[in-house]
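Take a look at the structure below.
Fair warning: this is a prediction, and the values are worked out from it, not measured in the lab. Atoms within a ligand are numbered from 1 in the order they appear, just like the ligands themselves. The analysis underlying the following values was restricted to heavy atoms, covering all of them including side chains, and did not include hydrogens, waters or symmetry mates.
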Amino acid sequence: MDAILAVEDLRVSFAAHAAMFTRDRRRIVAVDGVSFALGPGETLALVGESGSGKSTVARAILGLVPYSGTIRIDGRDVAKLPRGERRALTRRLQMVFQDPYSSLDPSMRVEDIVAEPLDIHEHLGGGARRDRVRELLDAVGLSRDFAARFPAQLSGGQRQRVAIARAVILRPSVLVCDEAVSALDVSTQAQVIRVLAELTREMHMSNIFITHDLALAAKIADRVAVMYFGKMVEVGTSATVFPAPAHPYTQCLLSAVPIPHPRVQRGRQPIPMIGELPNALQRPEGCLFHPRCPKAMEVCRREAPAITTAADGRLVACHLVTARDAS
Ligand code: SF4
């Protein structure tokens, strides 16, 4: 597979005060050695609890936060390109944000919001600009008279359709959706997902779909990457990971997802995780998940598990999987 996007050993950290009213500043590690590749037309779901680092991965890819490591688009290291070339390359990556209420400028009309990337990158004239906006409004299921409205005149679902139209107007190669439907009610969510799926297919885009909703990820993703505390702990195809998760963290998350079948759901027991995500300033020794892991062993408290390839091809960072595949 020739990757459109390849991320190697990505690391992001932020300075933070260790406590209120102190000068003691420390580094919070938000993303810790993340690597993955995205193929043409592929949808990769990045999943994990809030605070797992998945949105920070997206922000680093889009150049919105400083990072170390390598991000390649079409094989070219973005950080090593001259500024003009970097700008041309990064327009191929666009993002849809979570909150449709704060991501649109309330003082702009829909036509100008959707056309904003065109105005920056292509400087199209009046008629051609208007035609492109109309074409995109049609594609996201909004009639043309929406072009003259302001965001305050739109529902949450309509705002998110406008945000999607703006994100795809330059025909990006990669669309990053950061919890793009989590603020919407279930029926609007289904409609917006359908619009995204159709646009993805028609424009041959690849998708990074960031969500804490594993049921949704299972429906739309070709592959899934599970993140915990800034690290990837399990990466594999949806067909292998969702029916039989290998990492205890993935097992816990999936056991809490309700199954829409009353008889099957009655027979299921959630696997409880112990406590909450630890304080970001106090990273545990050994496996980062060991204080919460229902299967933790002595070795887990001392040694961080390396990410290894399991027999079915998925990547897992867990001593249990390493021991099983070695035997
Ligand atoms: Fe649990 Fe140990 Fe595996 Fe970490 S390495 S997930 S603590 S069993």
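When heavy-atom distances to ligand 1 are checked against a 4.0 Å cut-off, Cys318 comes that close through both its backbone and its side chain.
Looking at Asp112 and Arg129, a side-chain N of the basic residue comes within less than 4.0 Å of a carboxylate O on the acidic one, giving a salt bridge. A salt bridge links Arg72 with Glu8: at least one charged nitrogen is closer than 4.0 Å to a carboxylate oxygen.
Residue side and main chain included, Cys300 places an N/O/S atom under 2.8 Å of atom 2 (Fe) of ligand 1.
Listed by number with element, the atoms of ligand 1 under 4.0 angstrom from any heavy atom of Lys295 are 8 (S). Each of the atoms 1 (Fe), 6 (S), 7 (S), 8 (S) of ligand 1 lies under 4.0 Å from some heavy atom of Cys293. Near Leu320, with a cut-off below 4.0 Å to any heavy atom, the atoms of ligand 1 are 8 (S).
Counting heavy-atom neighbours within 6.0 Å of Arg171 CZ, excluding the residue itself, gives a total of 12 or less.
Between the side chain of Gln153 and the backbone N or O of Phe150 there is at least one donor-acceptor pair closer than 3.5 Å.
When only non-hydrogen protein atoms are considered, atom 6 (S) of ligand 1 lies nearest to His247 CE1, 3.5 Å. Closest to atom 4 (Fe) of ligand 1, if we only count protein heavy atoms, is Cys287 SG, 2.4 Å. With hydrogens left out, the protein atom closest to atom 5 (S) of ligand 1 is His319 N, 3.3 Å, a heavy atom.
For the pair Glu234 and Val241, the minimum side-chain heavy-atom distance is below 4.5 Å.
Stacking of Arg292 on the aromatic ring of Phe289 is not recorded, the 6.0 Å distance cut-off and the 45° axial limit not both being met.
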